[in-house]
Amino acid sequence: MLSNGARFEVADDSSFRDRSRSASAMATLFEPLDRLLGSGGDPRIGIDPISGLNEYGCRLAPCPDVPSFASSTATSISGRAYARAGRAREQLMQSAIADGIEAAFDARVEAMRGELRACLGLSPHQADIVFSPSGTDAQLQALLLVGALSGSALTTIVVAADQTGSGTEHTARGHHFNVVKANGMRVRKGEPVAGHAGSVESIALGLIDERGEFHNEAQIDSRVLGAIEASIANGNHVLLQIMDSSKLGWRAPSDRCLDEISARWQGQVQVVVDACQMRLGRPRLRKYLDRGYLVIVTGSKFFTGPAFSGALLVPASLAGKIDGITAIAPGFTDYFSRSDWPRHWQNLRSQFPARENFGQWLRWEAALEEIRAYHRVPDAFRHSALAAFGEGVQRVMAATPSLGLLPPQQRHGDFDLDDEELAQPTIFPLLIRRGGRALSPTDCRKIYRALAQDADSAADQEVAAKPCLVGQPVVLGRGSPDPVAVLRICAGARLVTGAWSSDQEVARRNLQRQLADVGAIVSRIEWLVAHIDDLNSVEA
């Protein structure tokens, strides 16, 4: 009270904090676009100030002159997608002036759910969509939902654990998979998410044995069924993470195995599909959802959007139960924001903070632009372009003595119309030899890093000096005392959209240019192998 008896009112603290947060959010939107695109993810997306590249060898601005066949890993953003991200930011700023940043952002993210559904050929009643900072974060979302709905002890069984993301061994148990979350909070990698300690067992089933040999389909199916049987005998509910497709293009287990699981353990096994590569047809995606499977997707990988754009597709059979979840482990609230979850899940949303992840949103804006562009290309051309590229890669590889292709997975009854043009291989693993021996993971990573950078020391070697992107190394036979690794040449959506023309001759020349780039990459790999002792040492 003032000395003359007058009173003054103190502004409500929460109201002041809301206004301050909104002002800060609006100020953030004015940061450089590439900086925004690189925000809201874990350290893997961060740009090295010296090289200008992130961990995947990519930039956050368009690099049209860099040949890129790394869409199994990541790709630098295209000019088309970068322009879309810029327009989206301007549109959000305009909406925020009228509605406030929180309401405008939430409305835009909600609208994107419908856009992604349309791109994937899904009807509104088939799936709800949960957005996520990455495919790895989406695995935590799946665990959160299944754990809350099962109401019993849970075992996570990960199929193709040796060909999925490196963080899966941690997310499968509800543990932190990196040292920094998407919101910038530091944590201890490998420790349990707060409130989720000790409640989840995990079983990892690899596709490759200790000698580096692939298990066949019957062996994989048998191991999956045995792991489920043992877990249920122990009284546990099972979260089965299946693979479609792996880093080497594999799908596991077989459709026949999934049918047996459904028949034997109805209601005891919840399947989540790791479809982060997005190398499956839209009919197959719909079938997974109609069977009640959760599906993890990304806008990067095949669709060549910026890395770190994840989503969890929740089938209608589960979606109706989710808003009844009244309590979640408190540690999950630091991973996700309110706008990540569909608006009609009001109860679940209320447990998460209102926090705008502008980087995650802009990466999805960019990815949606790539997905729309891909599906605007006629079906017949999408199929013929991918087929021609695959045949061309095999011809190039047949002409080089030091590189060979791993054979694709032999599937029985799984290649059908459900996969559309993606029934054919689009990942081509390169086994690199030196002196008759396949390269070690360390040497493969040296080659991978050198490919992504300008090679100043080789300025007189044209093929060695031009940077290019391929898929990161994949280790074969991790348990072996002498493991080897492969790099990958990958066909992605941008290969198709970049080649498409209604003029068949122009389209043919466009494809030939891309195959010429593959030839240049192979030549550079051969040069680098010959000079591998001169390359800087890197961690495997």
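Heads up: numbering here begins at 1 and tracks the sequence.
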R524 side chain to A450 main-chain N or O, any donor-acceptor pair under 3.5 Å? yes
Beyond-backbone contact of L280 with S245, side-chain heavy atoms, under 4.5 angstrom: no
Side-chain touch L60/P306, heavy atoms, less than 4.5 angstrom: no
Nearest heavy-atom approach of V158 to A172 is CG2-CB, 3.9 Å
Quick one: pull up CD1 in I371 and CG in L116 and give me the separation to the nearest 0.5 Å. 5.5 Å
Under a 3.5 Å distance rule, please check whether S384 uses its side chain to pair with a backbone N or O of A380 as donor and acceptor. yes
Looking at every non-hydrogen atom in both residues, tell me the closest pair between A491 and S71 and how far apart they are. O-OG, 3.6 Å
R434 and D533 ion-paired at < 4.0 Å: yes
Evaluate R44 against F308 for side chain to side chain contact (heavy atoms under 4.5 Å, CB included), listing each step before the verdict. CA-CA 9 Å; R44 292 172 291 173; F308 283 50; 3.4 Å; yes
So, S51 and Q453: side-chain donor and acceptor under 3.5 Å apart, yes or no? no
Could you tell me whether the side chain of E217 and the main chain of S254 form a donor-acceptor pair under 3.5 Å? no
Rounded to the nearest 0.5 Å, what separation is found between the CG atom of L36 and the CZ atom of R363? 10.0 Å
Given side chains that start at C-beta, do those of Y335 and Q141 come closer than 4.5 Å, heavy atoms only? no
Measure the shortest side-chain to side-chain distance between V518 and Q514 over non-hydrogen atoms and say whether it is less than 4.5 angstrom. no
Between the main-chain N or O of A499 and the side-chain N or O of N510, is there a donor-acceptor pair closer than 3.5 Å? yes
Any donor-acceptor pair under 3.5 Å from Q241 side chain to D274 backbone: no
Pairing residues for A388 by the side-chain contact (heavy atoms from CB on, under 4.5 Å) criterion, not counting sequence neighbours: L511
V297: which of L312, L313, V273 passes side chain to side chain contact (heavy atoms under 4.5 Å, CB included): L313
To check you understand the geometry: which heavy-atom pair defines the closest contact between G135 and C276, and what is its length? CA-SG, 4.0 Å
Could you tell me whether a side-chain N or O of R488 sits under 3.5 Å from a main-chain N or O of K247, the two making a donor and an acceptor? yes
Parallel, tilted or perpendicular: rings of W361 and F358 (30°, 60°): perpendicular
Looking only at heavy atoms, what is the nearest atom pair of P253 and D221, with distance? CB-OD1, 3.3 Å
The test is side chain to side chain contact (heavy atoms under 4.5 Å, CB included); show your working for D482 and R437 and say whether it passes. CA-CA 11 Å; D482 192 22; R437 294 177 59 85; 2.5 Å; yes
Carefully, step by step, assess V314 and I129 under the rule side chain to side chain contact (heavy atoms under 4.5 Å, CB included). CA-CA 6 Å; V314 181; I129 294 176; over 6 Å; no
With heavy-atom distances below 4.5 Å as the criterion, would you say the side chains of P133 and D42 are in contact? no
Electrostatic pair E90:R87 at N-O distance under 4.0 angstrom: no
Any donor and acceptor pair, going by atom type alone, linking the side chain of E370 with main-chain N or O of G299 inside 3.5 Å? no
Would R382 and D379 satisfy salt bridge (charged side-chain N to carboxylate O under 4.0 Å, His left out), going step by step from the backbone distance to the final call? CA-CA 5 Å; R382 298 202 305 266; D379 294 359; 3.0 Å; yes
Nearest-0.5 Å distance, NE2 of residue H383 to CD of residue Q424: 4.5 Å
What pair of heavy atoms forms the shortest contact from V475 to P483, and how long is it? CG1-CB, 4.0 Å
Are a donor atom and an acceptor atom from the side chains of W364 and Q360 found within less than 3.5 Å of each other? no
Under 4.0 Å between a side-chain nitrogen and a carboxylate oxygen: does that hold for R284 and D255? yes
Atom pair CD/SG of Q472 and C444 - distance to nearest 0.5 Å: 11.5 Å
Is there side-chain contact between I525 and T400, with at least one heavy-atom pair below 4.5 Å? no
Does the distance from a Lys or Arg side-chain N to an Asp or Glu carboxylate O, for D259 and R256, drop under 4.0 Å? no
Considering residues, nucleotides and ligands other than Q504, do more than 12 of their heavy atoms fall under 6.0 Å from its CD? no
Approximate separation, where rounding is to 0.5 Å, of S72 OG and R279 CZ: 6.0 Å
Is the shortest heavy-atom distance from the side chain of I157 to the side chain of V224 under 4.5 Å? no
Residues V271, Y288; criterion side chain to side chain contact (heavy atoms under 4.5 Å, CB included); working and verdict: CA-CA 9 Å; V271 175; Y288 282 146; over 6 Å; no
Would you say R117's side chain and A127's backbone share a donor-acceptor pair under 3.5 angstrom? yes
Taking everything shown except E210 itself, do over 12 heavy atoms lie less than 6.0 Å from its CD? no
Is the backbone of G310 close enough, under 3.5 Å, to the side chain of S132 for a donor and an acceptor to pair up by distance? no
Here the pair of heavy atoms bringing Y56 nearest to N54 is N-OD1, 2.8 Å
Flag side-chain contact, heavy atom, 4.5 Å: E169 against S202: no
Is a side-chain donor or acceptor of E369 paired with a backbone partner of A366 at a separation under 3.5 angstrom? no
For the ring pair Y374 and F302, is the centre-to-centre distance below 6.0 Å? yes
Could you give the distance from CG (D340) to CZ (R113), rounded to the nearest 0.5 Å? 7.5 Å
